[in-house]
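Working notes, beginning with the structure itself.
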2 protein chains.
Amino acid sequence: MTCQPRQNDEHKKEMRAVQDSMDVLNGKWKISIISSICYYNKRRFSDILNDVVGISNKMLSKELKELEINQLIKRTVLDTQPITVQYELTDHGLTLKTIIQHLTDWGIAHHEKIFGK
Amino acid sequence: MTCQPRQNDEHKKEMRAVQDSMDVLNGKWKISIISSICYYNKRRFSDILNDVVGISNKMLSKELKELEINQLIKRTVLDTQPITVQYELTDHGLTLKTIIQHLTDWGIAHHEKIFGK
DNA sequence: CGGGATCCCCATTGATACTG
DNA sequence: CAGTATCAATGGGGATCCCG
């Protein structure tokens, strides 16, 4: 183990931080799921299943679980008949809103850039 | 800070846009690769290979090709002995800088949130 | 309704070796 | 140095069924 140049340390830290974010948001569904919940404030399992086109219930279940572990969403079981489950963003999850907004804007710009308008 | 419902079409467009972004940035390596190139301005293949811990040359080659197709990076073959190849961000690629900065900051905040400081 | 369990396919990725 | 080629393994994720 040799000593790395000091200026590189900063960059390595940044790379690790970005990596941490991407690990949390990994998978092609998570951002869409968050976007869905955020848009409607509170959203039920089957509603999200409809919002996120193409996702299977197994995937949704798995992704929601991971998001909950990372404290981005809160899961609430409602005592209805039959039971429904409500998902909403935590305060921490809401801090992703800026990023999602940027990603939305960039996605539009990128699409125009690649495919023309 | 609220996510108020407007019209569903609006939301579907946003979801598609976010999805477009994530498709371009998918894989666990792309953001790190971009971050590396961005940090050093210009970067050679083997340098990136060292920056991005754990990536194989096959993966790096593939990811770089995809980034180039999406016009995020520019590839330049230098007439050295032996040849070296330089990668740099395009203007379009540079527009990702804001997002990467946000992801970096959020990653740090998230890490503190989950694991404490 | 919300989600767990199982089966199974094929795309992604790693390791290794090779080339211009 | 900057990739390509090939083989092999793994696991992501879809389809389906099931259960409280």
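FYI, side chains are in, hydrogens and waters are out, and symmetry mates aren't considered; it's all heavy atoms of this structure.
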Phosphate OP1/OP2 of C:dG2: any A:Lys65 side-chain N/O under 4.0 Å: no
Between B:Asp105 and B:Gln101: side-chain donor-acceptor atoms closer than 3.5 Å: yes
Pair A:His102 + A:Trp106: ring centers closer than 6.0 Å: no
Separation of C:dC1 C1' from A:Gln81 CD (nearest whole Å): 10 Å
Value in whole Å for how far the C1' atom of D:dG12 lies from CG of B:Asn26: 13 Å
Non-neighbouring partners of B:Asp47 that pass side-chain hydrogen bond (donor to acceptor under 3.5 Å, both in side chains), sequence neighbours left out: B:Arg44
Residue pair B:His11 / A:Ser35, side-chain donor-acceptor N/O under 3.5 Å: yes
Parallel, tilted or perpendicular: rings of A:His111 and A:Phe115 (30°, 60°): tilted
Difference in axis direction between the ends of the helix from C:dC1-D:dG20 to C:dG20-D:dC1, five pairs, 10°: 50°
N/O (side chain, A:Arg75) to phosphate O (OP1/OP2, C:dG3) under 4.0 Å: yes
Under 4.0 Å protein heavy-atom contacts per nucleotide of nucleotides 13-20 of chain D, with B for base, S for backbone only and - for none: BBBB----
Distance below 4.0 Å between B:Ser61 side-chain N/O and D:dT4 OP1 or OP2: yes
Whole angstrom value for the distance that separates P of D:dA2 from CG of B:Leu49: 9 Å
